[in-house]
Amino acid sequence: MLLRDLHGWLDGCLEPWRYKDYAPNGLQVEGRSEVRKVVTGVTASQALIDAAAERGADAILVHHGYFWKGEDASIRGMKKRRVASLLRNDISLLAYHLPLDGHLELGNNAQLGKLLGLAVAGQSGEQNLLWHGEWNAGGDAAALAAHVSDALGRSAQLLGRVDKPVRRVAWCTGGAQGFFSDAIALGIDVFITGEASEQNYHMAMESDVAFIAAGHHATERFGIKALGEHLAQVSGINVEFIDVFNPV
């Protein structure tokens, strides 16, 4: 597949023009024109670039790429080393941030809901990135936190009343702790995201809505993996997901 065709297919699948984002979506660093192997991962870290180069990848497809709004635009230090590695190995970098969070089938929120067995009722909030539905397995917040921990392979942090009965759940992967107020307004019992901030504890206690922080990286592994698997199915390209460890 030609790089331009891969880029066009990804844009058509994820529709980045529908989102107001914090970084450019699509092709961020251009490599060789023909793509036979793609490596996918959560973040375009040096470790992922090195692993992709070792595997002879032509392109890297990630959720967290480069050139975020508000960051220093200079190509130096860590950013220089990363970009230099891509250029030296002629590897393209393609990144999709909010479009991958929001996709109704392949996205991070869709895939996390599927993994946890949550029945989706709909989406709301900023750019429809806050998902809500029901957990029909029954139990309290402690039971749901244990279920999340088992599903993600890491210990989830539970804030609020551990014996809170749970049926209605809202979730948004990654660093969406700022959506907690919007989630509470939906009348839910538990909110699940990746990270917690100091104020989330007090909000959980005073609203009687439990808060589960399950890891930014841990909650955002599944969208990029699903996207890569779908790409492989429709194109025949060799796609490999590499899960570079990140405890946050």
Side-chain angles (χ1 to χ4, degrees), residues 19-22 42 63-64 97-226 246-248:
Y19 297 87
K20 183 179 179 181
D21 214 334
Y22 319 108
V42 177
H63 179 48
H64 300 139
H97 185 230
L98 295 184
L100 187 60
D101 288 323
H103 194 278
L104 295 180
E105 295 179 9
L106 303 173
N108 287 320
N109 288 319
Q111 291 295 311
L112 182 63
K114 180 179 179 181
L115 178 72
L116 298 179
L118 303 176
V120 179
Q123 299 81 34
S124 64
E126 182 182 341
Q127 302 189 76
N128 280 334
L129 294 172
L130 178 63
W131 288 46
H132 59 95
E134 295 186 348
W135 185 50
N136 295 317
D140 57 16
L144 178 55
H147 173 59
V148 172
S149 298
D150 289 342
L152 298 183
R154 58 157 289 158
S155 180
Q157 183 180 25
L158 173 60
L159 307 178
R161 185 156 63 94
V162 298
D163 62 348
K164 169 78 176 183
V166 176
R167 182 172 182 84
R168 294 163 298 175
V169 180
W171 67 97
C172 185
T173 65
Q177 60 267 48
F179 285 4
F180 193 22
S181 294
D182 292 336
I184 292 170
L186 292 173
I188 50 100
D189 303 307
V190 175
F191 177 57
I192 303 171
T193 187
E195 300 181 24
S197 295
E198 186 273 344
Q199 67 267 24
N200 296 139
Y201 170 76
H202 301 291
M203 294 172 67
M205 296 301 295
E206 294 173 30
S207 66
D208 195 31
V209 175
F211 182 107
I212 295 175
H216 193 136
H217 175 86
T219 58
E220 296 197 322
R221 290 175 292 173
F222 307 102
I224 196 68
K225 188 172 186 291
N246 188 329
V248 178

With side chains defined as the heavy atoms from C-beta onward, is the minimum distance between Q177 and F211 less than 4.5 Å? yes
Contact check, side chains of V169 and E134, non-hydrogen atoms, under 4.5 Å: no
Quiz: residues 112-133 side-chain donor-acceptor pairs under 3.5 angstrom, not counting sequence neighbours:
| unit_1 | atom_1 | unit_2 | atom_2 | d |
| --- | --- | --- | --- | --- |
| E126 | OE2 | Y22 | OH | 3.3 |
| Q127 | OE1 | K20 | N | 2.7 |
| Q127 | NE2 | K20 | O | 2.9 |

Between [X] and [Y], which heavy-atom pair has the shortest distance, and what is it?
X    : Y    : result
A218 : R221 : O-NE, 3.2 Å
A226 : Q111 : CB-CD, 3.6 Å
H216 : E195 : ND1-OE2, 2.5 Å

Looking at [X] and [Y], would you say the former's side chain and the latter's main chain have a donor-acceptor pair under 3.5 Å?
X    : Y    : answer
S207 : V209 : yes
D101 : N108 : no
N200 : S197 : yes

Which of H217, H97, H103 passes ring-ring contact (aromatic ring centres under 6.0 Å, His included) with H63? It is H97
T219 and its side chain to side chain contact (heavy atoms under 4.5 Å, CB included) partner, picked from T173, V148, N109: T173
Can V42 and H64 be said to form a side chain to side chain contact (heavy atoms under 4.5 Å, CB included), step by step? CA-CA 6 Å; V42 177; H64 300 139; 3.7 Å; yes
Name the atoms and distances for all side-chain donor-acceptor pairs under 3.5 Å in residues 151-159, with sequence neighbours left out.
| unit_1 | atom_1 | unit_2 | atom_2 | d |
| --- | --- | --- | --- | --- |
| R154 | NE | A214 | O | 3.2 |
| R154 | NH1 | P247 | O | 2.8 |

Interatomic spacing from CD1 in I184 to CZ in F179 - rounded to 0.5 Å: 14.0 Å
Can you give the donor-acceptor pairs under 3.5 Å from side chains of residues 185-194 to other protein atoms, not counting sequence neighbours?
| unit_1 | atom_1 | unit_2 | atom_2 | d |
| --- | --- | --- | --- | --- |
| D189 | OD2 | R167 | N | 3.0 |
| D189 | OD2 | R168 | N | 2.8 |
| T193 | OG1 | C172 | O | 2.7 |
| T193 | OG1 | G174 | O | 3.1 |
| T193 | OG1 | A176 | N | 3.3 |

